[in-house]
Trainee: 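Pasting a structure here, questions to come.
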Amino acid sequence: MRNLHETLRSEHHLKHFGRLQYGLFLKSIGLSLDGALAFWRAEFTKKMDPDKFDKQYAYHVRHSYGKEGKRANYTPYSCMKIIMSNTPTQGDHHGCPFRHWDRSHMTTMLQSHGLSSKDGQSVLEFVESSHYQLACQKYFEITHKLQSAPFSLEHPSQYFAESRRVRGGLDSMPKTEPGGMESGQGDASGVECEDESVAMDVTAEISPLARFDLDAAIIFSDILVVPQAMGMTVEMVKGKGPHFPERLDSPEDMKKLSLSVDVDKELGYVFSAISLTRRRLEGKVPLIGFCGAPWTLMSYMIEGGGSNTISRAKAWLYRHKDASHQLLQAITDVCVEYLEGQVKAGAQALQVFESHAGILGTKQFEEFSLLYLTQIANKLRERLQQSGLPNVPLIVFAKGAHYALPDLGSSGYDVVGIDWTHDPSEARRAVGGGVCLQGNLDPCALYGSKEDIVGRVQEMVRGFGRQSWIANLGHGIYPDMDPEHLKVFVDSVHSLSQQSV
Ligand SMILES: Cc1c2[nH]c(c1CCC(=O)O)Cc1[nH]c(c(CCC(=O)O)c1C)Cc1[nH]c(c(CCC(=O)O)c1C)Cc1[nH]c(c(CCC(=O)O)c1C)C2
């Protein structure tokens with residue numbers, strides 16, 4: 001399915017059996033008919049007139065959902081059916097890679113998916129003895145770091161379900177609130193979501209929107225997809241968060257990075273998720289896209305994960321100033337293209353997270369953070385204009401950067417997000433007029449009683465006053481927070497802010 005998805009993304013077309021195999025699989029994992037129509041249409045019309053799609057292809061999508069012709073409820077193909085029937089020929093992409101690909105193609109695929117030659121060999125041994133499902137199962141075990149999978153693989157949808165289970169899939173991921181800060185610690189590997197681009201769409205249905213009266217949605221992704229697109233491996237470790245097995249230790253290591261990234265290719269799955277989610281939202285609320293700011297991303301790449309001191313990354317700023325700028329510039333360039341791609345895909349506002357601003361002092365913030373934040377805003381606006389894309393509102397959130405509010409207020413962003421440590425009225429004075437503020441209740445206030453939350457929201461509403469303001473938490477929530485308390489926050493923001501206008 002990954003091969004079919006990647007081919008569809010790069011060629012914007014799949015032949016009949018490819019569409020059938022992949023389409024029925026998507027249906028089986030929960031993609032609705034509307035979602036499927038939007039998904040195929042978005043991809044096919046990159047190369048084809050929308051009218052042609054509607055006339056020639058939409059019928060087949062509806063057909064596979066039992067809405068046309070004999071209205072049968074077609075079931076997705078099992079491994080055995082894929083292995084045994086419709087052998088692919090030149091130009092086809094359906095079938096089972098283990099059964100239908102030649103050895104060199106298979107070897108290249110295994111390498112490009114990060115398997116060592118020893119692991120690759122253990123998969124190939126099964127292929128050579130014609131045990132294709134066992135080869136696939138072996139591949140699953142290796143890529144999911146399992147000694148032995150406790151099931152026998154019979155069906156692509158089973159592969160998908162088991163993978164989500166092992167990786168603590170989307171259903172079990174805690175979700176956040178409107179401004180969308182951090183999700184909690186998932187089980188594993190959430191950032192490896194390239195083959196889940198469609199599943200991200202499914203999250204629109206299970207997202208907090210169904211549960212809370214929110215005014216915006218944020219796309220389900222993570223800031224660390226950018227380092228990943230630049231060639232780094234990012235793993236999500238249970239209870240620990242992101243981990244880079246090969247962090248950047250010295251400027252020498254930058255050689256391992258891809259400094260000119262094909263953003264459409266590497267991050268196209270996020271763009272698909274945005275387009276699909278936009279359609280699924282049906283205009284009910286706007287969709288926010290986002291990225292991490294260059295300094296924050298650089299610090300994860302050097303630290304290899306979360307860190308209290310961020311001292312390794314800060315050491316670079318003192319010891320390797322030129323290399324730091326080179327790295328920050330390379331990340332900035334990817335971010336600009338990535339954000340532009342998100343708008344093109346349908347994002348209606350963009351937020352840039354400088355989560356590690358607070359560890360810098362004024363001078364270093366100016367040199368290593370603000371410079372690039374400003375560049376992102378300016379270059380992005382220029383590119384959006386050149387491409388005829390909407391000049392969407394830009395939000396900057398620089399956590400802990402008290403000293404930087406006046407600079408952030410004039411850095412080219414429409415909205416400045418503030419964390420809970422700021423006093424709202426002082427923040428208002430510091431950023432100056434013309435800028436909207438966003439924030440800032442302490443997320444931990446949600447641990448308090450419901451009455452207490454209402455009181456604190458009241459205080460917050462008073463603090464921000466009547467100038468433009470987006471109510472939000474001052475950072476992300478934690479998995480152990482009671483969703484009912486989040487509901488009290490959201491509902492009291494609505495009722496109390498209405499009373500104050
Ligand atoms: C998909 C995902 C997210 N977070 C993480 C994952 C991986 C899987 C998981 O553990 O849930 C872990 C994940 N991702 C990150 C962390 C923090 C690691 C650390 O520094 O300790 C964790 C646990 C890194 C990250 N990720 C993000 C930031 C910026 C905001 C902030 O300051 O917290 C940062 C710093 C942004 C982010 N991250 C995410 C969103 C989408 C909205 C949502 O569903 O929550 C957003 C907007 C989602």
Side-chain angles (χ1 to χ4, degrees), residues 1-2 4-16 18-69 71 73-74 76 93 156-157 160 170-171 193-210 216-221 264-265 267-289 340-350 389-390 392:
M1 296 307 159
R2 179 171 176 168
L4 284 165
H5 185 72
E6 286 174 356
T7 307
L8 177 64
R9 292 278 317 147
S10 61
E11 295 181 15
H12 315 302
H13 192 268
L14 280 179
K15 289 171 118 181
H16 176 70
R19 295 200 304 275
L20 212 54
Q21 182 176 322
Y22 191 37
L24 290 174
F25 163 76
L26 293 176
K27 178 176 134 186
S28 76
I29 62 164
L31 190 65
S32 65
L33 172 58
D34 284 348
L37 283 166
F39 170 70
W40 292 104
R41 196 172 199 276
E43 211 46 59
F44 271 49
T45 55
K46 286 196 177 127
K47 241 181 47 180
M48 173 186 291
D49 192 351
D51 269 2
K52 186 169 173 196
F53 175 84
D54 290 340
K55 284 193 189 113
Q56 291 185 14
Y57 295 90
Y59 174 88
H60 294 287
V61 177
R62 286 195 299 273
H63 193 270
S64 65
Y65 276 76
K67 299 291 178 207
E68 300 282 4
R71 298 183 177 250
N73 183 19
Y74 295 96
H93 295 277
S157 333
F160 179 80
L170 301 174
D171 290 353
C193 45
E194 289 104 302
D195 39 351
E196 294 190 330
S197 60
V198 178
M200 285 200 219
D201 172 55
V202 178
T203 63
E205 277 179 357
I206 58 162
S207 82
L209 285 170
I218 192 155
I219 189 67
F220 189 73
S221 177
D264 271 333
K265 179 163 172 275
L267 293 163
Y269 65 98
V270 180
F271 302 152
S272 302
I274 289 177
S275 303
L276 290 162
T277 307
R278 257 305 292 283
R279 287 192 168 84
R280 185 67 60 85
L281 288 170
E282 294 171 333
K284 285 182 195 118
V285 293
L287 180 62
I288 306 171
E340 184 194 359
Q342 295 188 46
V343 175
K344 200 163 159 195
Q348 292 150 295
L350 296 169
L389 290 166
V392 300

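All heavy atoms count here, side chains included; hydrogens, waters and symmetry mates do not.
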Trainee: Mind checking the CG-CG spacing from Leu20 to Leu4? Nearest 0.5 Å is all I need.
Mentor: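 The CG atom of Leu4 is 11.0 Å from CG of Leu20, to the nearest 0.5 Å.
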Trainee: I'd like to know whether the aromatic ring centres of Phe44 and His13 sit less than 6.0 Å apart in this structure.
Mentor: yes
Trainee: Looking at side-chain heavy atoms only, is the closest gap between Met1 and Gln21 below 4.5 Å?
Mentor: yes
Trainee: Roughly how far, to the nearest 0.5 Å, is CG of Asp34 from CG of Leu276?
Mentor: 11.5 Å
Trainee: Measure the shortest side-chain to side-chain distance between Thr7 and Tyr22 over non-hydrogen atoms and say whether it is less than 4.5 angstrom.
Mentor: no
Trainee: Looking only at heavy atoms, what is the nearest atom pair of Ala216 and Ile288, with distance?
Mentor: CB-CD1, 3.9 Å
Trainee: Any donor and acceptor pair, going by atom type alone, linking the side chain of Ser275 with main-chain N or O of Ala345 inside 3.5 Å?
Mentor: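 Yes, because the side chain of Ser275 sits within donor-acceptor range (under 3.5 Å) of the backbone of Ala345.
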Trainee: With side chains defined as the heavy atoms from C-beta onward, is the minimum distance between Glu43 and His5 less than 4.5 Å?
Mentor: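 A side-chain contact is absent here, since even the closest heavy-atom pair is not under 4.5 Å.
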Trainee: Taking the side chain as C-beta and beyond, is there a heavy-atom pair between Thr277 and Phe220 under 4.5 Å?
Mentor: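 The answer is no, as the side chains (C-beta and beyond) never meet within the 4.5 Å cut-off.
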Trainee: What side-chain hydrogen bond (donor to acceptor under 3.5 Å, both in side chains) pairs are there with at least one residue in residues 47-56, not counting sequence neighbours?
Mentor: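 Of all non-adjacent pairs touching residues 47-56, those that pass side-chain hydrogen bond (donor to acceptor under 3.5 Å, both in side chains) are Arg41-Asp54.
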Trainee: What heavy-atom pair brings Ser221 and Val270 nearest, and what distance separates the two atoms?
Mentor: OG-CG2, 4.1 Å
Trainee: Could you go through Lys344 and Glu340, starting from their C-alpha distance and side-chain angles, then the distance that decides it, and tell me whether this counts as salt bridge (charged side-chain N to carboxylate O under 4.0 Å, His left out)?
Mentor: CA-CA 6 Å; Lys344 200 163 159 195; Glu340 184 194 359; over 6 Å; no
Trainee: Drop me the distance from Arg62's CZ to Arg71's CZ, to the nearest 0.5 angstrom.
Mentor: 10.0 Å
Trainee: Taking all non-hydrogen atoms of both residues, which atom of Val392 and which atom of Ala347 are closest, and how far apart?
Mentor: CG1-O, 3.8 Å
Trainee: So Ile219 and Phe271, do their side chains get closer than 4.5 Å, heavy atoms only?
Mentor: no
Trainee: To check you understand the geometry: which heavy-atom pair defines the closest contact between Arg278 and Gly346, and what is its length?
Mentor: NH1-O, 2.8 Å
Trainee: If you define the side chain from C-beta out and look only at heavy atoms, does anything of Tyr269 sit under 4.5 Å from Arg9?
Mentor: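 No, their side chains stay 4.5 Å or more apart.
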Trainee: Take atom NZ of Lys67 as the centre, draw a 6.0 Å sphere, and report whether it contains more than 12 heavy atoms from other residues, nucleotides or ligands.
Mentor: no
Trainee: Which heavy-atom pair separates Leu8 from Trp40 by the least distance, and what is that distance?
Mentor: CD2-CZ3, 3.6 Å
Trainee: Which atom pair, heavy atoms only, marks the closest approach of Ala217 to Leu209?
Mentor: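 In this case the closest contact between Ala217 and Leu209 is CB-CD1, 3.7 Å.
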Trainee: Taking only residues two or more places apart in sequence or in another chain, which ones pass ring-ring contact (aromatic ring centres under 6.0 Å, His included) with His63?
Mentor: Tyr59, Tyr74
Trainee: Rounded to the nearest 0.5 Å, what's the gap from CG on Leu31 to CG on Leu24? Could you check?
Mentor: 11.5 Å
Trainee: Any heavy-atom pair between the side chains of Met48 and Tyr57 that's under 4.5 Å?
Mentor: yes
Trainee: Measure the spacing between OG of Ser32 and CG of Leu37 and express it to the nearest 0.5 Å.
Mentor: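 With rounding to 0.5 Å, OG (Ser32) is 8.5 Å from CG (Leu37).
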